[in-house]
Amino acid sequence: MSRLFGRTMRDVPARATTPSHRLLLRAAMIHQLGAGIYSYMPLAWRSLAKIEAIVAEEMDRVDGQRIGMPVVHPADLWRKSGRWDSIGREMARFHDRDGHDMLLAVTHEEVVTDLVAYYVTSYRDLPRMVYQIQTKFRDEPRSRGGLIRVREFVMKDAYSFHPSYQDLDVYYERMVEAYVRTFRRCGLEPLVVEADVGMMGGSASHEFMLVTDAGEDTLLICDACGYAANSDVASTTVDPPPPEEPTPKQEVATPGRTTIEGVADYLGVPTTRTLKAVFYVAGEELVFVAIRGDLGVNEQKLAIALQSSEIRPASDQELGEAGIVPGYASPIGVKNAKIVVDRSVPAAPNLVAGANRAGFHLTGVNYGRDFRADIEADIALARGGDPCPTCGAPLRETRGIEMGHTFKLGTRYSETMDATFLDSEGEQQPVIMASYGIGIGRLLASAIEHFHDDDGILFPASISPYDVHIVELGEAEQVREAASQLHVALEAAGVEVLRDDRSESAGVKFKDADLIGIPLRVTVSPRSLKNGGVELKRRLSSESNMLPLDSAVGEIVDLRQRLMDDLDPERPQWSHTGSSSE
RNA sequence: CGGGGCGUGGCGCAGUCCGGAUAGCGCGCGUGCUUUGGGAGCACGAGGUCCCGGGUUCAAAUCCCGGCGCCCCGACCA
């Protein structure tokens with residue numbers, strides 16, 4: 001350790017706020033170069049290499065074949081898929097010396113589809129899965145939390161190709177299992193949630209979340225039936241109000257009542273009997289969103305319903321130009337706007353809606369009879385406490401870090417990029433695809449986020465930079481000699497050793513050992529030698545035990561193996577404890 | 001993209017409001033001696049374009065203008 005590149009820190013840079021960020025900096029594992037851009041120092045690099053090895057093993061287990069694809073892509077490929085235009089400023093673009101449009105890869109569907117178009121010609125070439133572990137650059141509007149959200153990052157991305165949807169579905173399940181195994185081998189239990197397909201497109205998507213307060217995604221979970229979804233896409237059961245005979249539409253004066261609560265109070269009806277109007281602009285088009293008064297709009301779902309990537313709330317000026325009266329807006333008789341209704345609206349009879357005239361509302365508004373929408377969709381925002389869409393029990397809200405994400409892409413890329421094969425009938429078919437990603441650095445940060453205490457990191461054995469941390473105290477020759485022999489013997493036994501041979505005080509060495517968080521610590525000192533050997537202590541435990549010198553290697557090898565076995569996903573009892581306080 | 005904050009030796013900060021002295025403190029770093037079981041003591045020492053550019057002034061870390069960088073909240077986002 002006297003020759004380790006990097007130095008641990010007592011004080012933390014003030015800008016680091018999340019525990020994993022602080023500890024990664026203090027342990028000299030990462031160094032920031034710019035916003036969301038980091039160098040990996042030796043300790044981090046070793047840990048990342050172990051994570052990569054686990055990920056690669058699990059990919060190989062599900063018949064993956066490792067490849068490498070370029071980081072720099074010509075724009076033409078992305079023009080074919082349409083994403084040159086549909087992806088915004090998170091993709092870095094530049095020109096080569098001849099002025100050709102180029103880009104830094106944000107993901108590799110285009111490149112891999114190009115490979116498939118070339119090499120896959122027959123159903124006999126399917127299914128296949130390829131993966132790589134490689135750098136991506138996404139110019140995020142805001143990086144944060146150390147390695148949790150960065151602009152340049154290492155990702156394992158995998159792509160599978162299938163002759164049929166049935167084949168895709170079967171394989172996708174295998175991949176989900178492989179993902180769960182991967183995270184468990186890193187000591188983390190993932191929560192699999194339904195997710196937004198985002199810029200990838202496709203039909204279904206799942207995220208693998210570490211549940212933690214430091215997470216940046218909001219999740220809705222049903223403890224009763226296991227339903228779990230990212231709040232971007234979560235749905236909720238909206239109990240329809242009791243059926244009623246439609247009453248005639250009638251205009252009533254509601255002076256000064258411009259809010260849902262105000263109108264509901266004034267007219268003595270529950271908010272579930274009102275119609276809320278919300279306005280957005282999608283592209284250039286004004287969108288009139290009608291939803292039951294007690295519900296909120298999920299903008300993510302709305303964007304999906306509109307098939308538009310860019311939506312924003314409409315300004316008052318834009319509303320005025322469209323002849324809409326804020327506070328009294330009505331979907332009845334509205335022109336020059338696309339009308340979207342939440343599915344809660346058709347189910348509710350005799351609603352109170354605006355009259356599109358200041359100071360007046362309409363009662364007895366019924367969908368279908370009085371107005372119709374251009375789009376009818378589930379756009380309601382699910383919140384904690386809302387009923388679960390599958391079983392009705394209350395949903396619980398929590399936060400999570402997205403460690404992995406899988407997408408059923410279908411033919412979205414193969415059709416636009418002409419990746420086809422001949423089926424057994426001799427018919428030309430588009431290849432059916434899926435893609436799967438794991439953020440390697442983010443997984444390291446997630447593990448630290450989950451496994452740390454007030455003193456430092458508590459590395460799971462499987463991803464620790466080293467297996468054993470030897471702390472030698474004092475300058476005595478027999479201490480140095482014993483530590484050196486143990487070091488050599490352990491390495492000969494396949495154990496990775498970090499040896500603290502610095503001329504520092506005991507306190508400094510112990511603090512650093514706790515900070516770095518290698519699971520096993522061996523102390524060699526005059527005192528330990530006098531007591532018959534060396535001291536072995538688990539990072540997780542406050543107790544240590546003496547090992548005679550001649551049996552130390554064997555004991556350490558055994559204990560290391562037990563720690564590894566604890567992380568075996570085949571074991572039902574795998575577990576690790578950690579605290580989330582620092 | 002909206003809101004807030006910060007830029008002073010490697011790290012954490014003070015000084016800036018109200019211009020003026022050799023730019024200071026703690027940690028870390030180097031050398032020597034004494035220490036060595038939970039961030040040791042003493043002594044000496046090295047290390048600064050006070051983010052950059054321009055302006056005001058006899059005088060700018062400090063005031064003014066412009067820029068750059070970073071962090072946090074939100075929007076956004078695999």
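Within every chain, numbering begins at 1; the chains are lettered A, B, ... in the order of the sequence lines, protein sequences first and strands thereafter. Keep in mind the model is a prediction, meaning the values are calculated, not measured. Just so you know, these numbers use all the heavy atoms, side chains as well, and skip hydrogens, waters and symmetry mates.
Here, B:U49 and B:C68 have their C1' atoms 15 Å apart, quoted to the whole Å. A distance of about 14 Å separates the P atoms of B:C6 and B:C17, rounded to the whole Å. Rounded to whole Å, the separation between the P atoms of B:A61 and B:G54 comes to 14 Å. Straight-line distance between the P atoms of B:C1 and B:U57: roughly 37 Å, to the nearest whole Å. Taking atom C1' on both B:G28 and B:G10, the two are 7 Å apart, rounded to the nearest angstrom. Distance check on atom C1': B:U8 versus B:C13 gives 10 Å, rounded to whole Å. For the P atoms, the distance linking B:C44 with B:C27 amounts to 15 Å, nearest Å. Between B:G4 and B:C63, the distance separating the two C1' atoms is 24 Å to the nearest Å.
The partner of B:U57 is absent, by the rule that a Watson-Crick or G-U pair needs both atom distances under 3.5 Å. Base-pair partner of B:G48: not found among the strands shown (Watson-Crick or G-U wobble, both distances under 3.5 Å). Pair assignment for B:C13: B:G24, on the basis of Watson-Crick or G-U wobble contacts that are both within less than 3.5 Å. A 3.5 Å limit on both hydrogen-bonding distances identifies B:C42 as the Watson-Crick or G-U partner of B:G32. Across the strands present, B:C68 finds its partner in B:G7; the criterion is a Watson-Crick or G-U wobble pair with both atom distances under 3.5 angstrom. Base-pair partner of B:G2: B:C73 (Watson-Crick or G-U wobble, both distances under 3.5 Å).
Closest to the side chain of A:Ala35, from the set B:G37, B:C70, B:G38, is B:C70. Minimum atom distance to the side chain of A:Pro141 is reached by B:C76, of the listed B:C11, B:C76, B:G37. Across B:C72, B:G37, B:C29, the shortest atom-to-atom separation from the side chain of A:Leu473 is found for B:G37. Listed nucleotides B:U36, B:C29, B:C70 differ in distance to A:Arg7; the shortest reach to its side chain belongs to B:C29. Across B:C71, B:C76, B:G39, the shortest atom-to-atom separation from the side chain of A:Gln32 is found for B:C71. Nearest nucleotide to the side chain of A:Ser528, out of B:G37, B:U36, B:C11: B:G37. Of the listed nucleotides (B:C72, B:G37, B:G38), B:C72 has the atom at the smallest distance from the side chain of A:Thr17. Proximity note for A:Arg10 (side chain, C-beta onward) versus B:G28, B:G37, B:A75: the nearest is B:G28.
Sorted by first and then second residue, the side-chain hydrogen bond (donor to acceptor under 3.5 Å, both in side chains) pairs with a member in residues 431-445 of chain A read A:Glu109-A:Ser435, A:Ser160-A:Tyr436; sequence neighbours excluded.
Taking the side chain as every heavy atom from C-beta outward, A:Ile401 and A:Asp217 never approach each other to under 4.5 Å. A:Met91 is not listed as a side-chain neighbour of A:Arg89, based on a closest heavy-atom distance of 4.5 Å or more.
Here A:Ser505 does not reach the OP1 or OP2 of B:U36: none of its side-chain N or O atoms lies under 4.0 Å away. A sub-4.0 Å separation between OP1 or OP2 of B:C1 and a side-chain N or O of A:Arg89 is present.
The CZ-P distance, from A:Phe510 to B:U36, rounds to 14 Å in whole Å. Residue A:His469 contributes atom NE2, which lies 14 Å from atom C1' of B:G37 at whole-angstrom precision. Taking atom NZ of residue A:Lys530 and atom P of nucleotide B:G37, one finds them 12 Å apart after rounding to whole Å. Going from atom CD1 of A:Ile148 over to atom C1' of B:C71 covers 15 Å, rounded to whole Å. Rounded to whole Å, atom P of B:G74 lies 7 Å from atom CZ of A:Arg144. In this structure, the CG atom of A:Leu33 is 19 Å from the P atom of B:C68, given to the nearest Å.
Contact annotation for A:Gly34: backbone-only contact, meaning every heavy-atom pair under 4.0 Å involves sugar-phosphate atoms and none involves a base. Across all strands, A:Ser143 comes closer than 4.0 Å only to sugar-phosphate atoms, never to a base (heavy-atom distances). Using a 4.0 Å heavy-atom criterion, one finds that A:Tyr436 contacts no nucleic acid atom at all. A:Gly145 comes within contact range of the sugar-phosphate backbone alone, with a heavy-atom separation under 4.0 Å but no base atom that close. A:Asp512 comes within 4.0 angstrom of a base, heavy atoms only. A:Val471 comes within contact range of no nucleotide atom at all, as no heavy-atom separation falls under 4.0 Å.
Side-chain atoms of A:Glu504 and base atoms of B:G39 include no donor and acceptor less than 3.5 Å apart. The base of B:G38 is paired with the side chain of A:Arg521 by a donor and an acceptor separated by under 3.5 Å. Residue-to-nucleotide contacts include a donor-acceptor pair under 3.5 Å from the side chain of A:Asp11 to the base of B:G26.
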Open item on the list: Using side-chain contact (heavy atoms from CB on, under 4.5 Å), reason through A:Arg128 and A:Val116 one step at a time and then give a plain yes or no.
Closed with: CA-CA 10 Å; A:Arg128 292 287 187 278; A:Val116 167; over 6 Å; no

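Residues A:Tyr38 and A:His31 keep their aromatic ring centres 6.0 Å or farther apart. For A:Tyr179 and A:His206, the distance between ring centers is not under 6.0 angstrom.
Side-chain contact check for A:Ser205 and A:His405: at least one donor-acceptor pair (N or O, by modelled atom type) lies under 3.5 Å. A:Asp157 and A:Tyr159 share a donor-acceptor pair across their side chains, judged by distance under 3.5 Å alone.
The residue among A:Val12 and A:Thr523 whose nearest nucleotide of RNA chain B lies closer to the 5′ end is A:Val12.
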